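Side chains are part of it too, since the values below use all heavy atoms of this structure and drop only hydrogens, waters and symmetry mates. As the structure lists them, so they are numbered: ligands from 1, and atoms in each ligand from 1. Note that the structure is predicted; figures quoted are calculated from it, not measured. Residue numbers start at 1 and run along the sequence shown.
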Amino acid sequence: MAKTLKQLWAILTPHARRRFLTVLLLVLAMTAIETAGVISIMPFLAVLGNPDLVTEQPQLAALYQWMGFDSPIQFIVVLGAASATLVGLSALFKSFTTYTLFRFAHLQRHDISTRLLQTYLQQPYAWFLGRNSAGLAKSILSEVDQLGSNLLLPVIQMIAHGAVILAMLLLLIIYDPLMALLAAGIIGSLYLAIYQGVRVRLGRIGRERREANSERFQTASEALGGIKAITLTHKADTYVTRFRHPSRTYSRHLAANDTLGQIPVYLVEATGYAGLVALVLVLVWRGDDLGQILPVIGLYGFAAYRMLPAAQGVYRGFARLRFGAAALDHIHRDLHLPRRPHIPAPEPWIPQRDIRLAGVSYAYPGSEDRPVLKDIELRIPVNHTIGIIGPTGSGKSTLLDLILGLLTPTRGQVQIDDIPLTPERAPAWHRSIGYVPQEIYLLDNTVAANIALGLSPEEIDPAALEAAAKAAQIHDFIVNELPQGYHTTVGERGIRLSGGQRQRIGIARALYHNPPVLILDEATSALDQNTEYEVIFAINQMHGNRTIIMVAHRLSTIKSCDLLYLLDYGSVIHYGTYSEVITRNPSLEMP
Ligand SMILES: Nc1ncnc2c1ncn2[C@@H]1O[C@H](COP(=O)(O)OP(=O)(O)OP(=O)(O)O)[C@@H](O)[C@H]1O
Ligand SMILES: [Mg+2]
């Protein structure tokens, strides 16, 4: 329990902590006003039951005199009105405090999910290789909900309710210590026993809920992401079945949590009611008259009316904390992932002499014993065009990821003009690169937004857009065939475009900023021979005035490269000009 509370405090920003304390203060003030409301009912009921008190009871008599009343009835009316006003005011204040409370809890959800997204996006690329995107989306969008509803709100309410109980208890103790402590003891031990009984179960269903939520998200995202394969293989039912189980578990556990949080109130209410009846019977048995009994019942009745929901609130807080602990644990851990300092748009790092790989080896996390690249020595002089070829799986894309600084070599260094490329320097390096990945990821947005990725519509330069699209051989298609030209939306992942059109938009994206370094990973693999020829021709036009690194399968693509590196099983087995490499590896020329 203490650990959960500590974690909860740790994930709040200093600003949020101050707000938390403000909300808490408000809630405590609300409690004080409420208590005053309860106390104010006592003189009213007392005088109502026994009007003679106006003359007998010294304080009341003084008040009665001071206000200059003529009859006890007048006095009773004023006392009643005052008490009602206080309760009314307390209700108003309560509304305001409730609003502040909910606003705080829900805005924290917003704040924490934003920070979570920010933290994830600041992780190194390699971190994502071991994660599932649906799982991360789940944490940002769904787990954080647990935080608001099952942790923050209940904790504040728990403290507030704790204060209510304390105030009411004090009040009752002043009146009759033995009775008060007895009542508190009974209710307290009842709740304690219930909590002990459900504690372990709440913790377990909390963990199971989190796991089921992960499965739910992952299955839904896989099913919808692979819709083509699923339609063709008619495996929709399999996915629905796979989804049904965790989805049901998720809902069942939420229901169990709500129930376990709610049920005791009925039990305790019944006990409270029985206690009140017992109290009346005792008083009657003692021979008290109605005038004496009424204020006592009023006091206990009102105190119970306030105290029972409060006791329930405290209990529910404990139960929720227990249930939400698994979600909090996870969010707490993720929010404390190391963050890279944000460097606002550094100046591009433009290579002046060469890009080098010096003794670079790389093994993916989790496969440390099987390096994908081994002792690579490679030099790319600036403004030259370099081709990297090799069989599938030989490590070409991995090599590009290292040059891009997305991955960090396990041994050796990537150097630009002899300066090692470190994660800190990578942002500046990225600003001088245009990169076409093997799989182009298109946004469900316009062609223009896809080419000028990350820019808002006002920021897009139409001339640069057109130049990039022309070089990628896609301009004519965009203008002549698409209904709204550059403003046509391409659908999710560019589903409304052909593979070749998508690829050319990817190439235009890399060219949009007119980068000094161009890195292409099988950038023309989806194009027919003629279009490929035209794209390569356009790229060759840049030959000599920018550094180009091309990975290709088809030899025709890399004929005009200044230097070729042939990769096999993660090692450079040959390098030289096109004809040199081909002469030594005649098998390469086979289709
Ligand atoms: N995230 C990863 N974790 C572990 N191994 C990986 C990971 N990504 C790639 N690999 C492995 O690294 C090796 C090289 O992959 P890479 O994608 O670099 O090959 P490639 O030469 O680009 O192949 P292709 O021509 O098919 O694109 C492969 O054997 C692959 O299984
Ligand atoms: Mg590849």
Checklist entry - Do Asp111 and Thr114 have side-chain N/O donor and acceptor atoms under 3.5 Å apart? => result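 No.
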Next on the checklist: Any donor-acceptor pair under 3.5 Å linking the side-chain atoms of Gln503 with those of Thr524?
Outcome noted: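 Absent: no donor and acceptor within the cut-off.
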Checklist entry - Between Thr398 and ligand 1, which residue portion shows a heavy-atom distance shorter than 4.0 Å: side chain, backbone, both, or neither? => result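 It is both parts that get close, each with some atom under 4.0 Å.
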Item to check | Among Val517, Ile433, Leu421, side chain to side chain contact (heavy atoms under 4.5 Å, CB included) partner for Trp349 | outcome: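 Only one of Val517, Ile433, Leu421 forms a side chain to side chain contact (heavy atoms under 4.5 Å, CB included) with Trp349, namely Leu421.
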Protein heavy-atom partner closest to [atom] - residue, atom, separation in Å:
atom                    : value
atom 27 (O) of ligand 1 : Gln438 NE2, 2.7 Å
atom 9 (C) of ligand 1  : Tyr364 CE1, 3.4 Å
atom 17 (O) of ligand 1 : Ser397 CB, 3.6 Å
atom 25 (O) of ligand 1 : Lys396 NZ, 2.7 Å
atom 29 (O) of ligand 1 : Gly393 O, 3.8 Å

Next on the checklist: Tell me whether ligand 1 is touched by Gly390 - counting only heavy atoms on the residue side and a distance under 4.0 Å.
Outcome noted: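 For ligand 1, residue contact (heavy atoms, under 4.0 Å) with Gly390 is absent.
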Next on the checklist: Using side-chain heavy atoms (C-beta onward) and a distance below 4.5 Å, is Gln501 in contact with Ile474?
Outcome noted: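 In contact.
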Checklist entry - Would you say Asp461 and His513 make side-chain contact, with heavy atoms under 4.5 Å? => result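 Asp461 does not reach His513 side chain to side chain.
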Checklist entry - Backbone or side chain, does any N or O of Ser394 fall under 3.5 Å from an N or O of ligand 1? => result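 Yes.
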Checklist entry - Where the Mg ion (ligand 2) is the centre, what is the OG-to-OE1 angle for Ser397 and Gln438, rounded to 10°? => result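 My answer is 90°, to the nearest 10°.
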Checklist entry - Is atom 31 (O) of ligand 1 in close reach of the protein, with a heavy atom under 4.0 Å away? => result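 Under the 4.0 Å cut-off, atom 31 (O) of ligand 1 has no protein heavy-atom neighbours at all.
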Checklist entry - Parallel under 30°, tilted from 30 to 60°, perpendicular over 60°: which one fits the rings of His332 and His336? => result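 Judged by the thresholds at 30° and 60°, the geometry between His332 and His336 is tilted.
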Next on the checklist: Out of Asp521, Leu402, Val372, Asp568, who is nearest to atom 12 (O) of ligand 1 when you count heavy atoms only?
Outcome noted: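 Going through Asp521, Leu402, Val372, Asp568 one by one, Val372 has the nearest heavy atom to atom 12 (O) of ligand 1.
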Item to check | Ligand-residue contact atoms, ligand 1 with Thr392, heavy atoms, under 4.0 Å | outcome: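 Selected atoms, number and element: 23 (O), 24 (P), 25 (O), 26 (O).
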Next on the checklist: Taking Glu208 first and then Arg204, would you say they form a salt bridge - that is, a charged N and a carboxylate O separated by under 4.0 Å?
Outcome noted: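 Looking at Glu208 and Arg204, the cut-off is met.
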Checklist entry - So, Lys3 and Asp329, do they make that salt bridge, N to O below 4.0 Å? => result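 Here Lys3 pairs with Asp329 in a salt bridge, since their nearest N and O are under 4.0 Å apart.
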